[in-house]
Amino acid sequence: VQLQASGGGLVQVGGSLRLSCAASEGTLSSYDMAWFRQAPGKERDFVAAINWSGVWTYYEDSVKGRFTISRDNAKNTLYLQMSSLKPEDTAVYYCAADGREMAKYSDYRMAALYDTWGQGTQVTVSS
């Protein structure tokens, strides 16, 4: 499966964006998925994860209550709704699939456990 992230852009503080991650050459429906982000000069950090059915979600503390991860398996797409955006949310956002189920049985927050990545989409929050 290949992933294509989109929806990033420039937004003012307090604004909203919805990121999408569309799959091609395969289906997302059986995979747990996650969003990560990477700011310049920093490591790739966990943002949110969702299980294959969308019933279970998990968030990094700084985005709880502001971001919502969701998925539409019929459309083969993962989403990240971001609201109340802050300058510290500025980063390249990546979607990832847990095709080998390593994150599922270990730690969803570890980027190294995900085997398939999208190309990233830039989110810039201006103050």
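Only this structure's heavy atoms are used, side chains among them; waters, hydrogens and symmetry mates stay out.
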Rounded distance (nearest 0.5 Å) linking atom [atom1] of [X] with atom [atom2] of [Y]:
| X | Y | atom1 | atom2 | result |
| --- | --- | --- | --- | --- |
| I50 | T68 | CD1 | OG1 | 10.0 Å |
| L78 | S20 | CG | OG | 8.5 Å |
| C95 | Q4 | SG | CD | 8.5 Å |
| M33 | N73 | CE | CG | 9.5 Å |

All pairs passing ring-ring contact (aromatic ring centres under 6.0 Å, His included) where residues 5-44 contributes a residue, at least two apart: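 Matches after skipping sequence neighbours: F36-F46, F36-Y114, F36-W117.
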Applying ring-ring contact (aromatic ring centres under 6.0 Å, His included) as the test, list every pair that has at least one member in residues 68-110; sequence neighbours left out.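 Residue pairs passing ring-ring contact (aromatic ring centres under 6.0 Å, His included), neighbours aside: W56-Y108.
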Under 3.5 Å: donor-acceptor pair, side chain of [X], backbone of [Y]:
| X | Y | answer |
| --- | --- | --- |
| T121 | G8 | yes |
| T90 | E88 | no |
| S83 | R66 | yes |
| Q119 | A5 | yes |

Sub-4.5 Å side-chain heavy-atom contact between [X] and [Y]:
| X | Y | answer |
| --- | --- | --- |
| L3 | L28 | yes |
| S24 | V1 | no |
| S16 | Q81 | yes |
| L80 | F67 | yes |
| T77 | C21 | no |

Hey, quick one: are V125 and L10 part of the same hydrophobic cluster, counting side-chain heavy atoms closer than 4.5 Å, chains of contacts allowed?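 V125 does not cluster with L10.
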Same cluster or not: Y58 versus I69, using hydrophobic residues (I, L, V, M, F, W, Y) connected whenever any side-chain heavy atoms lie under 4.5 Å apart?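 No, because Y58 and I69 fall into different hydrophobic clusters, even though each may have its own neighbours under 4.5 Å.
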Closest approach of L113 to D107 (non-hydrogen atoms, all atoms of both residues):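 Looking at all heavy atoms of both residues, the shortest contact is CD1-O, 3.5 Å.
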Qualifying side-chain hydrogen bond (donor to acceptor under 3.5 Å, both in side chains) pairs, either residue in residues 41-50, two or more places apart: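 Matches after skipping sequence neighbours: Q38-R44.
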State which residues pass salt bridge (charged side-chain N to carboxylate O under 4.0 Å, His left out) with D72; sequence neighbours excluded, sorted by chain then number.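 D72 satisfies salt bridge (charged side-chain N to carboxylate O under 4.0 Å, His left out) with no other residue.
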For R18, which residues count as a salt bridge (charged side-chain N to carboxylate O under 4.0 Å, His left out) partner, sequence neighbours excluded?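 Testing R18 for salt bridge (charged side-chain N to carboxylate O under 4.0 Å, His left out), a comparison that skips the adjacent residues, returns none.
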Kindly state each residue pair satisfying salt bridge (charged side-chain N to carboxylate O under 4.0 Å, His left out) with at least one member in residues 24-38, sequence neighbours excluded.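 As it turns out, the salt bridge (charged side-chain N to carboxylate O under 4.0 Å, His left out) pairs with a partner in residues 24-38, which skip direct neighbours, are R37-D89.
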Evaluation steps, side chain to side chain contact (heavy atoms under 4.5 Å, CB included), between V123 and L19: CA-CA 9 Å; V123 172; L19 306 183; 4.0 Å; yes
Can T124 and Q122 be counted as having a side-chain donor-acceptor contact under 3.5 angstrom?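 Yes, because at least one side-chain N or O of T124 sits under 3.5 Å from a partner of the opposite role on Q122.
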